[in-house]
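In this text, all values refer to a predicted model and were calculated from it rather than measured experimentally. Lettering follows sequence order; numbering is per chain, from 1.
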Amino acid sequence: MSIIRIEEIAQHAGQTVTLQGWVYARTDKGRLQFLQVRDGTGILQCVVFQKEVAPEMFDVARQLTQESAVVLTGTVRADERAPGTPGGFELGVTELHVVQLAGEYPISPKEHGVEFLMDRRHLWIRSARQWAVLRVRATIMRAIREWLDSHGYLEMTTPIITPNAAEGTSTLFEIDYFGKTSYLAQTGQLYNEANIGAFGRVYCFGPTFRAEKSKTRRHLTEFWMVEPEVAYCDLDGLLQIEEQFVSHIVQTCLRERAAELRVLERDLTLLSKVNPPFPRITYDDAVQRLQKLAVESSDPEQAAQLKMEWGGDFGAPHETALAAQFEQPVFVTHYPTIVKAFYMTPMAGRPEVCNSADMLAPEGFGEIIGGSERIHDHDVLLARIQEHGLPAEDYAWYLDLRRFGSVPHAGFGLGVERTVAWICGLEHIREASPYPRMLQRNTP
RNA sequence: UCCUCGGUAGCUCAAUUGGCAGAGCGAUCGGCUGUUAACCGGUUGGUUCCUGGUUCGAGUCCAGGCCGAGGAGCCA
């Protein structure tokens, strides 16, 4: 008897198969039991008719509780009425073995509050929506590696324990490293700038840590980021890479995770339009657009939120309003040098702005990428480090890179959870991580 | 750190002017051969977040505290 996986159910129509899983829901219809059974790859309706199984087996089926572990054998048949994921098939059960009868399960199919669910995150991930999100997340992570690996990027790990602050100490998690103060990494970028000297094109992919006291739907204290870095690359080249890269991620999800996106009831019309090229606007243009929106807004509260002067950074309402003007992700380029990091290249002839670009996702999902050209001239970089009041001795090795074959280069960082939230259409980033770490939560 | 809202049954919530603590869901028992968060009937359910105060009487009013949510600030 072959053990099959629900995601491949269509290949087994008409066959007698065995399923190893858990009872997701049960509907008692008297002489007929409908079991929704999950196996980790999908949900399949399994039907137990009283007249088709032994009497004691039917009694066992009647006693099954939500989340009980079961092994079922039966015949797969196509039936349009059958719910589930992918759906359209059901199992006519002939054998039923209970591996463990679950106690009263706290998470019902009805509504629950955020705190209740987050306290039970270890169980909540079994629920259909959370399961679907995390399946999409895994596909996003694979698509990231897939595109980079096939375009000549070498994956290189960068340290999580780092000796100094990349940019200021206010948002770093401090740890005791055998008596020396160290920090959890906020970025692998500086190391990647060393790595490109050895490998040309690289990326790092892993968790990053920010001790920001941000309490918003877009922030986690621990999140995953992929950071490609490219030698001999300018801002134009970088944006072309980014739009190819992000399009590949989105299109892979649409192709391979349609069932999961259906569970999430995600509107796919805008996602299907994510193809290069993406629109590009400058920061100057963005500020003008926002000022125009503020003036034209009939809602005084919204007008106040959108009001801004040249030189400031965008808040969430600004990003949402800007992105709403486009159907695709939009690049905002050439931010004021003063609001961005010290290593970004000033624009030739206009040093008050830098060769940087953020990518804003559509539909209000915010900034998913930040990237820039990096300063490759030793003396310019040293001056910027000093202007920012950073200790030059901490950056000795970083400055060293500008002495030995320094070339124009650029890179970016894409936040995985924000990308998951966008593609899945999530209201809050906490559902984009299996075990989210936030200002008020580090359990389970 | 600031602003706003909230904390009542296992869960989601209601409770009029300060006057008997309620519903739905879940669980459980019974019924039903096509359910999709099934439906119908019975049963089960309480430290009203904590401490103190006002009052004949507090879930409700007052003071302090704790916890949570949404937003702001912060955030390459």
Hey, does A/His388 reach any base, or is it just sugar-phosphate, or nothing, if we go heavy atoms under 4.0 Å? nothing

Just how far is it from atom CD1 of A/Ile161 to atom CG of A/Leu184, taken to the nearest 0.5 Å? 7.5 Å

Measuring from the side chain of A/Pro83 (C-beta onward, heavy atoms only), which nucleotide among B/A69, B/A27, B/U35 has the closest atom? B/U35

Nearest to the side chain of A/Glu212 - B/G73, B/C74, B/G70? B/C74

With the side chain of A/Phe116 defined as its heavy atoms from C-beta on, choose the nearest nucleotide among B/A27, B/U12, B/C67. B/U12

The side chain of A/Arg77 lies closest to which of these nucleotides: B/G34, B/U12, B/C74? B/G34

Output a table of donor-acceptor pairs, distance under 3.5 Å, between side-chain atoms of residues 278-285 of chain A and any protein atom two or more places apart or on a different chain; print 'none' if there are none.
unit_1, atom_1, unit_2, atom_2, d
A/Arg280, NH1, A/Glu243, OE1, 3.0
A/Arg280, NH1, A/Phe278, O, 2.8
A/Arg280, NH2, A/Glu243, OE2, 3.4
A/Thr282, OG1, A/Asp285, N, 3.1
A/Tyr283, OH, A/Gly311, N, 2.9
A/Tyr283, OH, A/Gly312, N, 3.1
A/Tyr283, OH, A/Gly312, O, 2.5
A/Asp284, OD1, A/Trp310, NE1, 2.7
A/Asp284, OD1, A/Arg350, NH2, 3.4
A/Asp284, OD2, A/Arg350, NH1, 2.8
A/Asp284, OD2, A/Arg350, NH2, 2.9
A/Asp285, OD1, A/Arg289, NE, 3.3
A/Asp285, OD2, A/Arg289, NE, 3.4

Scan A/Arg120 against the nucleic acid and name what it touches under 4.0 Å (heavy atoms): base, sugar-phosphate only, or nothing. nothing

With a 4.0 Å cut-off on heavy atoms, is A/Gln45 in touch with a base, just the backbone sugar-phosphate, or nothing at all? base

Reckon A/Lys340 touches a base, only the sugar-phosphate, or nothing at all at heavy-atom distances under 4.0 Å? sugar-phosphate

Any side-chain donor paired with an acceptor under 3.5 Å for A/Glu431 and A/Gln130? yes

Nucleotide nearest A/Asp28 (side chain, heavy atoms from C-beta), chosen from B/A76, B/C32, B/A72: B/C32

If pairing requires Watson-Crick or G-U wobble contacts with both distances under 3.5 Å, which nucleotide is the partner of B/G59? none

Counting any heavy atom closer than 4.0 Å, what does A/Glu227 reach on the DNA or RNA strands: base, sugar-phosphate only, or nothing? base

Check ring-ring contact (aromatic ring centres under 6.0 Å, His included) between A/Phe326 and all other residues, then give those that pass, not counting sequence neighbours. none

How would you label the contact of A/Asp313 with the nucleic acid (heavy atoms, under 4.0 Å): base, sugar-phosphate, or nothing? nothing

With nearest nucleotides of RNA chain B determined for A/Met438 and A/Gly84 from heavy-atom distances, which residue corresponds to the more 5′ nucleotide? A/Gly84

Considering only the P atoms, how many Å lie between B/A23 and B/G46, rounded to the nearest integer? 13 Å

A/His428 side chain near B/G70 phosphate (N/O to OP1/OP2, under 4.0 Å): yes

Please say which of A/Glu193, A/Glu373, A/Arg374, A/Arg201 ends up in a side-chain hydrogen bond (donor to acceptor under 3.5 Å, both in side chains) with A/His409. A/Glu193

If you only use heavy atoms from C-beta on, which nucleotide in B/A76, B/G68, B/A69 is closest to the side chain of A/Arg210? B/A76

Which nucleotide in B/G34, B/U12, B/A76 has an atom nearest any side-chain atom of A/Phe34: B/G34

Base, sugar-phosphate alone, or nothing: which one does A/Phe314 contact when heavy atoms must sit under 4.0 Å apart? base

Could you work out the separation of B/G26 and B/C5 based on their C1' atoms and round it to a whole Å? 28 Å

Please measure how far the C1' atom in B/C25 lies from the corresponding atom in B/C67, and state the result in whole Å. 25 Å

Among B/G71, B/A69, B/C75, the one nearest any side-chain atom of A/Arg418 is B/C75

Determine the Euclidean distance between corresponding P atoms of B/G59 and B/U47; express it in Å to zero decimal places. 14 Å

How would you label the contact of A/Glu427 with the nucleic acid (heavy atoms, under 4.0 Å): base, sugar-phosphate, or nothing? nothing

Is the phosphate of B/A72, meaning OP1 or OP2, less than 4.0 Å from a side-chain N or O of A/Arg217? no

Determine the interatomic distance between P on B/A69 and the same-named atom on B/C75; round to the nearest Å. 23 Å

